[in-house]
Amino acid sequence: MTVLVLGNGGREHALALALHRDPSVVALHCAPGNPGTAAIATNHAVDASDGDAVVALAREVGATLVVVGPEAPLVAGVADAVRAAGIACFGPSAEAARIEGSKQFAKEVMEAAGVPTAASVYCTTVDEVAAAIDRFGPPYVVKQDGLAAGKGVIVTSDRDAALEHADGALPAIVEEYLDGPEVSLFAITDGVTALPLQPAQDFKRALDGDEGPNTGGMGAYTPLPWAPDGLVEAIMRDVVQPTVDAMARRGTPFTGLLYAGLALTSRGLRVVEFNCRFGDPETQAVLSLLDSPLGAVLDAAASGRLADVGELRWSDNAAVVVVLAADGYPGTAAAGGRIAGPRLFGSDDAVSILHAGTALSGDDLVAAGGRVLGVVARASDLGAAREQAYGAIDALDAPTLFCRRDIAERAASGLIGTPAL
Ligand code: AMP
Ligand code: GLY
């Protein structure tokens with residue numbers, strides 16, 4: 001098959017790498033892609049959110065499958081445009097992508113499906129937010145209703161900070177605070193059948209020790225050595241399958257990747273958020289361990305044949321991804337910083353460096369975004385994978401980039417207790 005991947009982040013580089021490993025993928029294209037994907041695919045300077053341009057490109061390159069990476073093109077209806085042109089597409093319709101595009105819509109679906117989530121109030125004014133946060137008490141959780149690239153949420157015990165955030169985030173959702181470790185579980189679905197990937201944990205805060213503002217994600221690891229037995233089965237039974245069924249009943253079947261972000265609280269598992277696409281950076285770690293052929297699986301999902309695909313196969317290794325972000329991120333990120341060092345355009349058995357916000361300036365690789373690189377390492381356990389990842393980072397010369405130094409540290413040291421299900 002000929003596959004066109006839409007997007008230009010670390011997630012899309014990871015998707016392209018996994019598709020490249022699938023022998024049934026004979027040609028691989030990205031739009032727009034990045035300097036990393038250019039090493040394994042043909043990049044095209046086409047806006048991923050422009051449905052007409054994407055369809056024209058898909059026809060020109062003879063794509064038999066289009067894989068949509070980011071949420072923005074999905075919410076804009078690009079998957080609908082591709083399917084209307086008669087080309088198989090992995091990614092939900094605009095209607096179904098609202099499960100990420102509107103937090104309030106996601107709450108309505110969860111209520112209809114009986115899926116456990118945080119109690120919440122929808123607010124259109126700061127006064128309503130003030131009343132709601134006073135009702136729930138601290139820590140306060142205020143979320144912008146619409147898309148915000150991972151930056152629309154504040155979790156704080158500072159009431160003034162919560163209200164200030166709300167002022168720029170209306171309409172907003174105020175939620176009860178959820179304690180307990182978080183899990184990201186991705187499920188591939190054709191709208192009826194759903195197939196789980198291996199669960200991962202993501203690090204949302206910018207700084208070590210979960211300090212600093214929320215970001216799109218600063219690192220991730222998989223598998224979860226502390227996970228309770230039956231975790232994936234419980235999430236599929238209580239969250240993913242009921243949601244897939246509820247979306248079908250509404251007449252907006254969800255096909256593509258349903259991302260369940262969960263908290264394993266002292267009162268049981270709760271959905272923190274749904275996303276309508278692969279998570280970034282969890283995907284970089286998760287797909288690095290996938291032994292099944294990704295192209296064949298995504299194609300089966302896109303064409304309603306997922307029931308024919310058996311369980312996915314995984315390497316026994318552990319994987320860690322550490323994100324290198326440009327100074328200033330998640331605020332205004334410094335652009336143009338030079339990046340030099342080994343493995344920037346290739347990988348070995350243990351380490352891959354995935355590009356996100358990078359660009360070429362002459363022969364130099366430079367920073368051109370918030371999250372710039374994701375260093376993925378695979379090893380027999382998380383501790384060894386951490387060593388490999390940080391060793392590869394220390395070998396880079398990238399003075400304008402920073403990373404967290406504690407990705408997967410507590411899990412590798414056995415410091416995360418196993419929550420009850
Ligand atoms: P979201 O975009 O909804 O995933 O929120 C981003 C991050 O904020 C999550 O990954 C959590 O770390 C945190 N968060 C969101 N909602 C809650 C909540 N109700 N209680 C505690 N933390 C939350
Ligand atoms: N890593 C969180 C996300 O992709 O939304």
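Ligands are counted one by one from 1 in listed order, and the atoms in each one are counted from 1 as well. All residue numbers in this chain count up from 1 along the given sequence. Computed from a prediction, not measured in an experiment: that's the story for all the values here.
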*asked:* Which of the numbered atoms in ligand 2 are under 4.0 angstrom from any heavy atom belonging to Glu282?
replied: 1 (N), 2 (C)

*asked:* Please tell me whether Gln198 and Thr222 have a donor and an acceptor in their side chains that are separated by less than 3.5 angstrom.
replied: yes

_Pairing donors with acceptors under 3.5 angstrom, does anything connect the side chains of Asp245 and Gln241?_
yes

_Carboxylate-amine/guanidinium contact Glu273 Lys204, below 4.0 Å_ = yes

*Do you see a donor-acceptor pair shorter than 3.5 Å between the side chains of Tyr259 and Glu282?*
yes

*Using a strict 4.0 Å cut-off to heavy atoms of Arg277, name the atoms of ligand 2 that fall inside it.*
3 (C), 4 (O), 5 (O)

*Where's the contact between Val272 and ligand 1, heavy-atom distance under 4.0 Å: side chain, backbone, both or neither?*
both

_If we set the cut-off at 4.0 Å for heavy atoms, which region of Asp202 has an atom near ligand 1: side chain, backbone, both, or neither?_
neither

*Does Phe278 come within less than 4.0 angstrom of ligand 2, counting non-hydrogen atoms of the residue?*
no

*Check: Tyr177 N/O within less than 3.5 Å of ligand 1 N/O*: no

*So, Thr265 and Arg267: side-chain donor and acceptor under 3.5 Å apart, yes or no?*
no

_Best match, Glu273, Lys204, Lys143: closest heavy atom to atom 4 (O) of ligand 1_ = Glu273

*Report the part of Glu182 (side chain from C-beta onward, or backbone N, CA, C, O) that has a heavy atom under 4.0 Å from ligand 1; answer both or neither where that applies.*
side chain

*Ion pair check, Asp145 and Lys143, cut-off under 4.0 Å*: no

_Below the 3.5 angstrom mark, is there an N/O of Leu178, backbone or side chain, next to an N/O of ligand 1?_
yes

_Contact with ligand 1 for Lys103, non-hydrogen, under 4.0 angstrom_ = yes

*Judged by modelled atom types alone, do Ser380 and Asn317 share a side-chain donor-acceptor pair under 3.5 Å?*
no

_Would you say Thr117 and Lys107 are linked by a side-chain donor-acceptor pair, where the criterion is simply a distance under 3.5 Å?_
yes

*Numbering as shown, the atoms of ligand 2 that approach Asp202 to under 4.0 Å (heavy-atom distance)*: 1 (N), 2 (C)

*Would you mind listing which atoms of ligand 1 come within a distance below 4.0 Å of any non-hydrogen atom of Val141?*
16 (N), 17 (C), 18 (C), 19 (N), 20 (N)

_Polar side chain donor-acceptor pair, Tyr221 to Gln201, under 3.5 angstrom_ = yes

*Under 3.5 Å between some N or O of ligand 2 and some N or O of Glu273?*
no

*Against heavy atoms of Gly216, which atoms of ligand 2 measure under 4.0 Å?*
1 (N), 2 (C), 3 (C)

*Distance filter under 4.0 Å to Gly279 heavy atoms, resulting ligand 2 atoms*: 4 (O)

*Minimum heavy-atom distance Val351-Ala392, with the two atoms named*: CG1-CB, 3.8 Å

*Does Arg205 have a non-hydrogen atom less than 4.0 Å from ligand 1?*
no

_Test item, Lys204 contacting ligand 2 (heavy atom, 4.0 angstrom)_ = yes

*Examine the proximity of ligand 2 to Glu71 and report which part, side chain or backbone, both or neither, has a heavy atom under 4.0 Å away.*
neither

*Any ion pair linking Arg410 and Asp210 (charged N to carboxylate O, less than 4.0 Å)?*
no

